[in-house]
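Accompanying notes for the structure given below.
We count residues from 1, following the sequence as given. Treat the numbers as computed from the prediction; the structure is a model and nothing was measured.
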Amino acid sequence: MRKIVLALAFIIYACTAFAQKKVTPAQPDKRFEGLDTAFARVLKDWHAAGFAVAIVEKDKIVYAKGFGYRDYENKQPVTANTLFAIGSCTKAFTASLLGMLRDDGKIDFNKPVLNYLPDFKFYNDNMNENIMVKDLMCHRTGLPRHDLSWYYFTTKSRDSLVKRIQYMEPTFGIREKWQYNNFMFLTQGVIIEKLTGNAWEQNVREKILQPLGMVRTNFSVDTLATDKDASIGYSVKKDSIINKLDYYHIDAMGPAGSINSSITEMANWVTTWINGGKFNNKQLIPAAYVPEAISAQMVMDGAMPTKEVPDVFFSSYGYGWMLASYRGHYRVEHGGNIDGFSASTCFFPSDSIGIIVLSNQNNSTVPSAVRNIVADKMLGLKYFDWETYLKSRADSAKAAAKKGEVAQVSNRKLNTTPSHPLKDYEGIYSNKGYGPLTVSFERDSLFAYLPNNTWWLMHYHYDLFEPFDKDKHNGIDTSDKSDPIQFNMNAAGDIESVSMTLEGGLKPIVFERAPKPKEVSKTDLEKYVGEYELSGVTTKVYIKNDKTLYLFVPGQPEYELVPVEKDKFAIKSLSGFNIQFNLSDKGEVTEVLFIQPNGTFKATRKK
C-alpha cells in the first residue's frame, strides 16, 4: 500500500472562432533568453519525462512550448498542444460555476449547504446547520482530507461518494482551521447539478470551455487516451528511473480534479482571469465574483519568510485559488496532482502575467520550479537559482527521511503468530465512509482486494499485518512500507473487523467484517428448512427469493443467514452470531446450534 498525499489538491485550432491566437513578437523577446537551457536542466535534475509551459501577457499568449516527451518509451515529444491531466487546477472551474449561479440569483454563498441539498448530511447536526456553501469553496468545514476514501475505494457513482461524507469525522471546528478537502469540491459539483438539472461536465463545457474555444479539453482519461497528442503519466522509481503509470479514473470526483487540457487552451482560461473575467471583450466570469475569488477567504498557514527566500510569504485561499506574496507581487495559483501528472496554473493580476505548467510526472516539483523561473524573468526580478534551491530542499528531505528510517526502533514482537488460521480472516470488510475491501486466503498468504489495488498482507505480529502493493506490472514491492493493519476479535473469539490508519489526526478507521459467502444451491438449502425448539420457543428457518436462508425468532426481526462453511451460517446483521446445523448419519438435520458471544445454545428440530 503506497503512502500517498493526495492533493487532488493541487491547442488551439485556427478554425475555432473563439480560439486565442499565439502571438510571436516581431523581435525575439529577451525575457525568454536562457529558458531552453534552464528547462533542459529541470528535465535532467528531476528525471522528468516532459512538460509544457505557456506564458500569457494581458490578452496574448507570448510563449508556448513543450519539452521532453509525452510518450517516453516511443520518444514522442511534448508540444504546446499536448493534453495533460490538470488535477486540482479543475477546482477554479467548479467554483466559477457557482459564481455564475450566484450572479443569476440561484444561490447564496452564505446559506447552509442543506438549503440546496436537503438530503445531504455531514457528520453531526452542528455541521449540518452551520456549514455554508462558502465554507466548501475555501476548505474550512473542519473536515480533513479523507482522500483515501475516493482514491483506494473508488466508485463510478458520484452519489455514493457524496453519501459517504456523513460518516467522515472532522478534526477541527467549522472555520477553525484550513484543511484541504476534495469531497467539498465534489459537493459543489453536486449542488451545480441540482440547481441546473445538468451534469457538472455539461455545465463546464457549455458555460466555460465552449466560450473559451477549449475544444479538446475533456473530463475523462478514457477521452484523453483517444487523443493523438495526449501525454502518458510517469513516476520516478529508485530516484532516477522513469516509470510509466496507468491512468487513474477520477470521473466520479470530477468537480475536484478530472479535467484534461493543454497549455494553449488553459492559456485562454488564465487570460480570462487576468482580464477581470472577460474573454474577447465578453464577460464570462461575473465581474463581482473575480476579485472575491482571488481574495483571501481563509488563511492557510502563517507561511513566514525564510532566510533563503525572504520575499515569498503569506498563504491564503480564495475560491479554488491559492494566494501568496511572491517577491513583491500578488500571486494567484493552484497546483494539481493525480497519478502520473502534476500541474500549476498561475497568474499575477496586478502585472497581467499568467503562467501555465503541465507535466507528466507524478507528485512533481517540476511545475513549481518552471513557474518560478518564468515568473522571475517576466516580472524583471533579480536572478535567484530556484532549481538549485528546490533540488537541495528535496534532497535534504529525502536524506532526512532515510536517516529517520535507520534510526527508527521497530516495535515488532518477534516469533508471534496470528490468533486464527489465516482462512478465518477471509471476508468482506466495509466502512460506510470509505467502502468495501475483500480479504482472501490464497495459497499460504492473505490478500486484500480493493477496486483498483491489491495488497499482499505480510504478517507483522499477532493480528497485525503489513500491506504491500501488488502491482500488476511489477509484482509486490516490499520497499514501500506503510502502517500495519489490525484485525480485531469479538467476544466470541471470531474476527469481526479490521482497523486501518487512513487519516491523520483520527483514530484508525474500522471496517466491519461480513463473512465471505459460499455458494449454496436451493436444493442444499432446503434440508435446513423447518422448525426448531429452543428452550420452549419455536424458531423457524425458511428460504426467500429461492436462494437465501432466513431465521425467525418470535419477537425479533427476521435474520438473513450467510453460508460460511459446511452447514454453518453467519447471521448477517449480528457480528459474532452464527448457527451450525448438525446432521444425522443419514444426512438429515436433527438440531441447530446457536453460537453467540454469551455461549452456545442447542435447538432440536421439530418433527
Side-chain angles (χ1 to χ4, degrees), residues 8-9 88 90-147 149-150 155 157-204 207 252-258 286 288-289 292-293 295-298 300 317-321 432-434 503 506:
L8 274 180
S88 287
T90 300
K91 288 180 169 61
F93 289 82
T94 297
S96 294
L97 289 175
L98 288 180
M100 295 174 185
L101 288 171
R102 185 180 68 174
D103 196 56
D104 293 338
K106 295 182 178 180
I107 193 170
D108 184 338
F109 291 177
N110 295 310
K111 295 293 185 182
V113 174
L114 270 66
N115 280 29
Y116 305 101
L117 298 176
D119 296 329
F120 181 86
K121 291 181 181 179
F122 286 104
Y123 189 74
N124 56 44
D125 289 341
N126 179 54
M127 297 174 76
N128 290 334
E129 294 166 5
N130 294 297
I131 290 179
M132 305 182 299
V133 173
K134 187 173 184 176
D135 298 321
L136 307 180
M137 302 171 74
C138 54
H139 300 299
R140 62 185 197 189
T141 62
L143 282 168
R145 297 180 74 110
H146 285 290
D147 271 336
S149 173
W150 65 264
T155 172
S157 169
R158 195 163 287 171
D159 287 341
S160 68
L161 285 174
V162 170
K163 288 177 181 177
R164 292 181 186 179
I165 294 173
Q166 65 180 298
Y167 304 104
M168 294 179 179
E169 188 176 355
T171 49
F172 286 90
I174 302 167
R175 302 175 206 107
E176 184 178 349
K177 182 179 175 63
W178 183 87
Q179 294 188 112
Y180 197 85
N181 188 288
N182 285 298
F183 277 96
M184 297 302 96
F185 271 79
L186 166 64
T187 304
Q188 291 172 60
V190 174
I191 292 173
I192 291 163
E193 293 179 338
K194 179 77 170 180
L195 294 178
T196 64
N198 295 319
W200 168 81
E201 291 85 350
Q202 183 177 341
N203 276 279
V204 176
K207 296 179 181 180
M253 286 293 290
S258 73
Y289 174 79
E292 186 178 343
S295 297
Q297 303 298 329
M298 186 66 181
M300 293 170 63
Y317 204 86
Y319 299 146
W321 292 110
K432 291 182 179 180
Y434 279 70
E503 183 58 58
L506 293 175

Is a side-chain N or O of His139 found less than 3.5 angstrom from the main chain of Met184, in a donor-acceptor match?
-> no
Mind checking whether Leu117 and Thr187 have side chains closer than 4.5 Å, heavy atoms only?
-> yes
Considering all heavy atoms of both residues, which atom of Pro255 and which atom of Thr94 are nearest to each other, and what is their separation?
-> O-OG1, 2.7 Å
Here the gap from Asn182 atom CG to Thr90 atom OG1, rounded to the nearest 0.5 Å, amounts to 10.0 Å
Which atoms form the tightest heavy-atom contact between Asp135 and Arg140, and what is the distance?
-> OD1-NE, 2.5 Å
Residue set satisfying salt bridge (Lys or Arg N to Asp or Glu O under 4.0 Å) with Glu201, at least two apart, ordered chain then number -> Arg158
How far does CG of Leu97 sit from CD1 of Ile191, to the nearest 0.5 angstrom?
-> 12.0 Å
In Å and rounded to the nearest 0.5 Å, what is the NZ to NZ distance from Lys121 to Lys163?
-> 11.0 Å
Check for a donor-acceptor pair, side chain of Gln179 on one end and backbone N or O of Gly142 on the other, with a separation under 3.5 Å.
-> yes
Under 4.5 Å between any side-chain heavy atoms of Gln202 and Thr196, yes or no?
-> no
To the nearest 0.5 Å, atom CZ of Phe120 lies from atom NZ of Lys194 at 13.0 Å
With side-chain contact (heavy atoms from CB on, under 4.5 Å) as the test, would you mind laying out the steps for Gln297 and Lys134 before giving the verdict?
-> CA-CA 9 Å; Gln297 303 298 329; Lys134 187 173 184 176; 3.0 Å; yes
Any Tyr434 side-chain heavy atom under 4.5 Å of Glu503 side chain = yes
Atom of Cys138, atom of Trp178 and distance for their closest heavy-atom approach | O-CD1, 3.2 Å
Evaluate the side-chain proximity of Gln188 to Tyr319: yes if any heavy-atom separation is below 4.5 Å, no if none is.
-> no
Got a second to check how far Asn126's CG is from Ile174's CD1, nearest 0.5 Å?
-> 4.5 Å
Mind checking what makes ring pair (Phe, Tyr, Trp, His ring centres under 6.0 Å) contact with Trp200, not counting sequence neighbours?
-> Phe219
Minimum heavy-atom distance between Pro286 and Gly99, given as atom pair plus value = CG-O, 3.6 Å
Side-chain (Ser160) to main-chain (Ser157) donor-acceptor, under 3.5 angstrom | yes
Please list all pairs passing the side-chain hydrogen bond (donor to acceptor under 3.5 Å, both in side chains) test where one or both residues lie in residues 98-119, with sequence neighbours left out.
-> Arg102-Glu292
Min side-chain heavy-atom separation Lys207-Met100 under 4.5 Å | yes
With the side chain counted from C-beta on, respond yes when Arg164 and Thr155 share a heavy-atom pair under 4.5 Å apart, and no when they do not.
-> yes
Going from CD1 on Ile131 to CG on Asn128, what distance comes out if it is rounded to the nearest 0.5 angstrom?
-> 7.5 Å
Under a 4.5 Å cut-off applied to non-hydrogen side-chain atoms, are Arg175 and Met132 in contact?
-> yes
Shortest non-hydrogen separation from Met253 to Phe183 and the atoms involved | CE-N, 4.0 Å
Check Phe185 against Ala95 and note the closest heavy-atom contact, atom names and distance.
-> CE2-CB, 4.3 Å
